[in-house]
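Please read the structure below before turning to the comments.
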Amino acid sequence: MLRLPVLRHAAPTTLDEAIELLAAEGTMLAAGGTDLVPNLKRRQYPEAKTIVSLRRIPELRGIDLLDDGSLRIGALTTLAELVADDRAAPALREAARAVASPQLRSRGTVGGNLCVDTRCHWLNVPETWRRAAEPCLKAGGDTCWVAPAKRFCWAVSSTDLAPMAIALDATVELAGPEGRRRIPLEELYRNDGMAHLTKAPDEILVALVVPPLGDRRAGYRKLRRRGSIDFPILGVAARLGFDGEVCTDARLVVGAIVSAPLRLPQVEALLEGRPLDAATIRAAAEAAGKAVRPMSNTDLTSRYRKRMVPVFVRRLLDELVGASGATATS
Ligand SMILES: Cc1cc2nc3c(=O)[nH]c(=O)nc-3n(C[C@H](O)[C@H](O)[C@H](O)COP(=O)(O)OP(=O)(O)OC[C@H]3O[C@@H](n4cnc5c(N)ncnc54)[C@H](O)[C@@H]3O)c2cc1C
């Protein structure tokens, strides 16, 4: 059985207190702990000394409908709570429902999902297995053992919620020692497996704010080996606006391809300004397949996952064009 390392634990009751605690070296935040705890048990964070639990901070809880119709989802909202809230866009609820399993969704939070660490076949194993080689880049070494020829970390973004929330033009509220700021969710991510979040280490994600969907349509499709629990090895999120038959605005975001959710503006441009007939959808799906190069660092081969991109994009767009509301399936 893997055991947790010996760590200090702090449970602040205010955001300011939590931010102050984060200033100390080796401090890590925990929300539901569903990703953090297994990673700690595998000794993926040898620098960790103190865990700051966010669970006693009331300000991080709750889902509120704002005056402009946006939904403000506190970072500590569990995925199960989001799934159950019928004020949220159905596509966002479906993306949340596609995460892991019921047990993990009842504990795992929206903030934790948006900040969840990138995953790697080499690193996400018990430390005793990794001792066979020097530490990899992400663990402080010099080599990426997934792609030793490259000096680049190939760990893959594995959040289900982020691609869908980006497609919905969501923003996030962050709080840190310099105060509060709000940024588009898309800007929270960078394509770097070792440092996939652009926020400062001592900033806390306070809330996700999702604008109203209006009469647009949105959906999420996920590829994974076992529909009951697995991380995504491909996620496709789309939002489409229409004027009659003509698509007026499109968002297409793919997840679990590289170290950040990847928006595909070149494919969105193929959809905008025209009716979405079968030929247009096929052309967009093929363009999406050509635009991505899945990292070879998850379940199933990158070749297969690349071939699935146009299939999943086409199926989702077909579904949205035929549907009057949002749908998503795993
Ligand atoms: C078997 C298994 C299957 C899984 N399948 C999926 C899946 O299919 N899809 C998926 O998306 N995830 C999956 N996960 C990962 C995880 O369960 C979810 O992403 C969950 O939502 C993480 O939320 P949490 O609150 O437990 O985060 P935690 O584990 O507490 O934290 C995750 C990371 O986010 C940071 N963090 C947490 N909250 C904040 C905050 N408010 N501000 C700043 N940083 C913060 C933590 O420091 C940590 O680095 C799976 C995990 C397991 C063990």
Side-chain angles (χ1 to χ4, degrees), residues 2 4 7 9-10 12 15 18-19 21-22 26-42 44-45 47-48 50-57 59-61 73-83 92 94-119 124 138 155-165 172-176 180 185 188-189 194-208 220 222-235 237 255-256 261 298-299 330:
L2 295 176
L4 275 170
L7 297 158
H9 183 263
L15 257 183
I19 291 164
L21 285 163
L22 273 180
T27 307
M28 294 194 77
L29 289 175
T34 59
D35 197 65
L36 184 76
V37 170
N39 290 352
L40 284 166
K41 287 183 172 178
R42 290 187 293 253
Q44 283 175 227
Y45 308 123
E47 71 287 358
T50 305
I51 300 302
V52 174
S53 168
L54 296 173
R55 293 176 66 83
R56 290 178 59 200
I57 304 178
E59 197 187 331
L60 298 177
R61 294 194 179 270
I73 305 164
L76 271 186
T77 304
T78 65
L79 296 163
E81 285 164 349
L82 176 58
V83 170
L92 190 67
E94 286 295 338
R97 195 153 64 98
V99 175
S101 64
Q103 292 90 337
L104 290 163
R105 291 196 292 275
S106 70
R107 179 88 190 178
T109 64
V110 167
N113 191 268
L114 296 176
C115 295
V116 77
D117 203 357
T118 51
R119 293 182 63 75
N124 289 93
K138 195 173 173 185
V156 179
S157 167
S158 301
T159 153
D160 277 300
L161 216 48
M164 190 66 252
V172 277
E173 291 174 21
L174 301 169
R180 304 244 178 165
L185 176 61
L188 182 65
Y189 302 101
M194 291 196 290
H196 72 298
L197 298 178
T198 58
K199 75 173 188 61
D202 54 1
E203 278 186 308
I204 297 175
L205 195 153
V206 176
L208 173 72
Y220 182 67
K222 170 174 178 175
L223 174 66
R224 55 180 161 177
R225 190 185 289 262
R226 297 169 297 181
S228 53
I229 191 161
D230 283 330
F231 278 92
I233 50 177
L234 167 66
T298 65
D299 194 10
S330 333

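When a ligand or atom number is given, it counts from 1 through the structure's own listing order. Hydrogens, waters and symmetry mates play no part in the numbers below; they use all other heavy atoms, side chains included.
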Mind checking whether [X] contacts ligand 1 via backbone (N, CA, C, O), side chain (CB onward), both or neither, at a 4.0 Å heavy-atom cut-off?
| X | answer |
| --- | --- |
| A100 | both |
| D230 | backbone |
| R119 | neither |
| L104 | side chain |

For [X] and [Y], indicate whether the former's side chain and the latter's backbone hold a donor-acceptor pair under 3.5 Å.
| X | Y | value |
| --- | --- | --- |
| D230 | R224 | no |
| T118 | S157 | no |
| Y189 | L114 | yes |
| R225 | I233 | no |
| R107 | G32 | yes |
| R61 | G74 | no |

For [atom], closest protein heavy-atom neighbour:
| atom | answer |
| --- | --- |
| atom 26 (O) of ligand 1 | T34 OG1, 2.5 Å |
| atom 18 (C) of ligand 1 | N113 ND2, 3.7 Å |
| atom 46 (C) of ligand 1 | L29 O, 3.1 Å |
| atom 3 (C) of ligand 1 | I229 O, 3.5 Å |
| atom 32 (C) of ligand 1 | G112 O, 3.8 Å |
| atom 23 (O) of ligand 1 | T109 N, 3.3 Å |
| atom 9 (N) of ligand 1 | D160 OD2, 2.7 Å |
| atom 50 (C) of ligand 1 | F231 CZ, 3.1 Å |

Numbering as shown, the atoms of ligand 1 that approach [X] to under 4.0 Å (heavy-atom distance):
| X | answer |
| --- | --- |
| A31 | 25 (O), 30 (O), 37 (C), 38 (N) |
| L205 | 40 (C), 41 (N), 42 (N), 43 (C) |
| A75 | 41 (N) |
| K199 | 43 (C) |
| G32 | 24 (P), 25 (O), 26 (O), 30 (O) |
| L79 | 21 (O) |
| L36 | 29 (O) |
| P232 | 7 (C), 8 (O), 9 (N) |

Test item: [X] and [Y] side chains (from C-beta on) under 4.5 Å apart, heavy atoms:
| X | Y | result |
| --- | --- | --- |
| L92 | I73 | yes |
| F231 | D299 | no |
| L54 | L29 | yes |
| T298 | L234 | no |
| I204 | K199 | no |
| V206 | L174 | no |
| D35 | R119 | yes |

Nearest 0.5 angstrom please: L4 CG to R42 CZ, how far?
11.5 Å

d(I51 CD1, L21 CG) to nearest 0.5 Å is 12.0 Å

Counting heavy atoms only, name the option from A256, C115, A207 that's nearest to atom 33 (C) of ligand 1.
C115

Looking at G111, S158, P163, the heavy atom closest to atom 10 (C) of ligand 1 belongs to S158

Does [X] reach ligand 1 with a nitrogen or oxygen that is under 3.5 Å from one of the ligand's nitrogen or oxygen atoms?
| X | value |
| --- | --- |
| L54 | no |
| D117 | no |
| T159 | no |
| Y45 | no |
| R107 | no |
| E203 | no |

State, to 0.1 Å, how close Y220 and A98 come at their nearest heavy-atom pair, and which atoms those are.
CE2-CB, 4.2 Å

